[in-house]
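Labels below follow one simple rule: chain letters A, B, ... track the order of the sequence lines, proteins then strands, and each chain is numbered from 1. For the numbers below, each heavy atom of this structure counts, side chains included, while hydrogens, waters and symmetry mates do not.
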Amino acid sequence: MKIRVFSIEEFSVYDGPGIRTTVFLKGCPLNCNWCHSPEGKRFGNVSLRSPNRCLNCGRCIEICEYNRKKCIGCAKCVDVCPRDLIRMSAIDYEVSELVSKLLKNADILKINNGGITISGGEPLFQVDETLELVKCLKGKTHIALQTSGYGNSQKFKEIIDNIDLVLFDMKVMDEEQAKKFEGIDNSLIFKNLEILKNSKTKFIIRVPLIPGVIDTKENLKEIINKIKGAKDLVRVELLPYNKYAGSKYKLAGLKFEPMYDENMESNPHLDLFKANDIEVRVL
Amino acid sequence: MNERISKIYERLKKREYRNLRSDISFDDSLEYEKNNVPLPLRVSDRLKKMVELEKPIIFPEDHIGFMRTVKNIPDILTEKEKEELSKTYLLFDHALVANISSDYEYTISVGFNKRLAEIREKLKEKNTDKEEIELKAMEESILALYSLIEKYQKEAERADNKVLAIALKKIPYEGATNYYEAALFLRIINYTLWLNGNKHNTIGRFDQYMYKYYKHDIDLKIIDEEDALNITEELFISLNFDTDLYPGEQQGDNGQSLVLGGIKRDGTSAFNELTELCLRASLELKLIDPKINLRVDKNTDFKWFKLGTELTKVGLGFPQYSNDDVVIPALIKMGYKEEDARDYVVAACWEFIIPKYGMDIPNVEALAFPKCVDKAIHSKGFLSATTYEEVEKLVNKEIEKEIKRLIDKTRNIFLIPSPFQSILMKNCVENKKDISEGNKYNNFGLHGAGLSTAADSLAAIKRCVFEDKTVNKEELVKAIDNDYEGYEKLRKYLVSAPKMGNNDDFVDNIGCKLLDKFSEECSKYKNGRGGIFRAGTGSAMYYVWYSETLGATSDGRKAKESFSANYSPSLNRNFDGVLSVIKSFTKPDLTKTCNGGPLTLEFHDTLFRNQEGIDKVASLVKTFILLKGHQLQLNAVNRDVLLDAQKHPEDHKNLIVRVWGWSGYFNELDLAYQNHIIKRLEFLN
Ligand code: SF4
Ligand code: SF4
């Protein structure tokens, strides 16, 4: 079975315990307005061009059937850049091949109580492949899944039953607002959250503090209501908004158009979590 | 930092005091030559004259002080004399005694009066003319130092600086009895070494030789922890006063390395309260000197890795770690006595040397690995080679030739005598012999530059030419000679071959073999002082020098592109990540190539934003040690900041970066080095 990856990061520090390698799977059904990795959003394979050091020699435009105005992922331009600045946004691996790549530094992961984190995009977008990957990794290392919770519930259950930790995103709680900012119906996420709460797998709730959208008192209270008292909840991790969210759009030839005020500071409202006896950490 | 220290700190940062220096200079070399003055006496005479020209400046807040007011130190040899000497010797690095580590411990504890008496005692013996001259020059050097101190003491009295006025009546004549006196004493030695024309004056195991004074004061409640920090900070600041005058390849390359932790001569742990105090002082001061090295091993408490990482976070490129589990056995293998090996320190950049006893010259030349590969490819045998093993043999032959050439060139080195430095070493007074003629250890070191470029180049040949058989050798040579103009597709293909740093045995084993060959060849030779040649993984400035003259290489590197600095993966290539890099670079048996030269890892500064990030970086360092890496240096960097500094240097006056074995102010570096650092970071963002 082939699985589509957009990057692998060794020593990813904020994706679970210990020293970890994180694999980012391509494709995401959500369309979050603040997405900081647009190259992982679309499942399609396109060229990415890093602008540092570009000679403007034009070779990549010349060879492209579409003058780089659109991209069908033919990869022709990769080979012509004299500075090796162009790469494709996706790599397709056989699951077994990916497993050995992820585990090649397994000794380091082990002595540092770490493991592998499967992230995205949204891993549940390639749900069968993710399940296969999880089954292959099981027993060999500590496995964490980072997910928005949006995907097939039955398979989600099967996946989480086979892993050690889930990093579960919670974002916009209001249904209408979620449609506007994330482009989805969030009731599926809540359904899967219940499945997670009823499983025996430990989980961490992650909240990206998008200023004025997610970090409001009302929204955070809603989140707390949903997770309060869950027995396997390890803690909540808050991610302050990163002003560089838009920096990769140019690389992927896309436009970044935030519908919120980028310059506002995130407000973590730590007191809300503490009042409910929930351990919270700001990353 | 108390108010007094911050005053001194601000003064340093403004750098205005440097305008108070005079430009006067003298040159007596012709005079010396005419009168046939022996070299040791020329050096002591120059020190005397330098002292005469110095006009002490003492600020009310100084308790340590000592700033240069005369910039230039003249030569003692004439051009003609140098030419004459060059016929027999290599005048390496201006023929200066440099890059060794003094016996601060003894002199600080007994004082110079005792040393002077020892010298005078020796002068009474029946001596050869040479011994008489060398001892006399040592005596003269101490007298010159005394007249410097008298001047300072008078100025302190005039300026009504009571602390210094009192202290300088005792120090450095008598031994120090408390931490403050010891710090002042150390500064006086350090200042005088520079004034005496010595170079790369290392600080050594500060937390060892200063500990007894610290402990004495704390136990008797003479000072508390904060006082000790203030004294340490004032001393550290003073080591930066004149860094712009210290000679080096680039400003900042001045060798003031300080070594912390490790084990003692008896094998027990050497970490103590001063270790922590020094880390704290460096963290607060954020200055390029002294350069902090931390000795660790598999049993070192995790606390020290964490404290080290806190310092890394500041962005100075400190501390540099060395692994006692590798370095000590390596030194013993090279012939150092176990006790001395346990006492090792770090020379200017990363070379492992022995304090008090060593007159090693660990940086005489560098083997450029890619040059050997290039010569092999252009040798007759290459086109007719039918297996990769034949190519490997050709490369080995080039390594043999190149090492022989480097050794022939550097075997006999002449050093100008240094009577003042001699007093600060073991054996010199006793044996009536100047340090320039050698001491207990007289080994030379060769750096090894461009290892990963060479390993990658050979891996590409092995994979593309001999295994896939998709590239023919004639075409490859032609493409290289044309710097890949018109061969872009081929170049891409070569770039796609395995690269050292991805934990891929295919290429990593080639790197291991190259290093083994390097050490095996070095072991065949002795230098003119009876010492050995030590092979190492450092590059010094050679990664820029040699890469500029080398054409394209078969790993897909274009002509003139830099090698990586020291022991690191190639530039401009994509790597799987830092874990794979660590795995690749801990595969070789580094006890064989242990002259010094770290693996460098760069991390984006945002990684250190909270305790979790710091703890994980610390674990990664510990992992490197467990996997038997020898030396590691980490940088917390932000490329955008460096780019901005190039555009607006005025906004980044105090921006510090790591260059090759030392840290310096970004603005004071040549453009080539600035750009190399920026390039290193391109793959990080
Ligand atoms: S991969 Fe490159 S050449 Fe192919 S369509 Fe995309 S931009 Fe054009
Ligand atoms: S081929 Fe490479 S260097 Fe040339 S314009 Fe395209 S990206 Fe820039």
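- For the atom pair CG of A:D107 and OG1 of B:T623, the computed distance is 9.0 Å after rounding to the nearest 0.5 Å.
- The parts of A:L283 that come within reach of chain B are both its backbone and its side chain, each placing non-hydrogen atoms under 4.5 angstrom from that chain.
- Salt-bridge check for B:R491 with A:D79: failed, with every basic side-chain N at 4.0 Å or more from each acidic carboxylate O.
- By the 6.0 Å contact criterion, NZ on A:K110 is open, its count of non-hydrogen atoms from other residues, nucleotides or ligands being 12 or less.
- Interface remark: A:S7 contributes no atoms to any contact with chain B (heavy atom separation under 4.5 Å).
- Residues B:S580 and A:E10 approach most closely at OG-OE2, 2.5 Å, considering heavy atoms.
- Most heavy-atom pairs under 4.5 Å with chain A: of the set B:D615, B:I582, B:N503, B:V581, this distinction falls to B:N503.
- For A:P240, no part sits under 4.5 Å from any heavy atom of chain B, backbone or side chain.
- Judged as a side chain to side chain contact (heavy atoms under 4.5 Å, CB included), and not counting sequence neighbours, the contacts of A:C64 are A:Y66, A:R68.
- With rounding to the nearest 0.5 Å, the separation of CG in B:L620 from CD1 in A:I108 is 7.0 Å.
- Between chain A and the options B:L579, B:V495, B:L607, the largest number of non-hydrogen pairs under 4.5 Å is found for B:L579.
- Looking at A:I8, only its backbone comes within 4.5 Å of chain B, counting heavy atoms on both sides.
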*Which is it for B:D576 and A:N105 under the side chain to side chain contact (heavy atoms under 4.5 Å, CB included) test, yes or no, and what are the steps along the way?*
CA-CA 11 Å; B:D576 288 346; A:N105 303 307; over 6 Å; no

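- A 4.5 Å side-chain heavy-atom check between A:C81 and B:K492 finds at least one atom pair inside the cut-off.
- Here the closest heavy-atom approach between residue B:V578 and residue A:F11 is recorded as CG1-CB, 3.3 Å.
- The existence of a salt bridge linking B:D504 and A:K104 is excluded, since no basic side-chain nitrogen approaches an acidic carboxylate oxygen closer than 4.0 Å.
- Side-chain atoms of A:Y14 and B:N610 form a donor-acceptor pair, as typed in the model, at a separation below 3.5 Å.
- The distance from atom CZ of A:R83 to atom NZ of B:K558, rounded to the nearest 0.5 Å, is 9.0 Å.
- Interatomic distance, CG of A:N112 versus CG of B:L626, reported as 8.0 Å (0.5 Å rounding).
- Interface remark: of the candidates B:R609, B:K489, B:K622, B:R609 forms the most heavy-atom pairs closer than 4.5 Å to chain A.
- The two residues A:V13 and B:G613 come nearest to each other via the heavy atoms CG1-CA, 3.7 Å.
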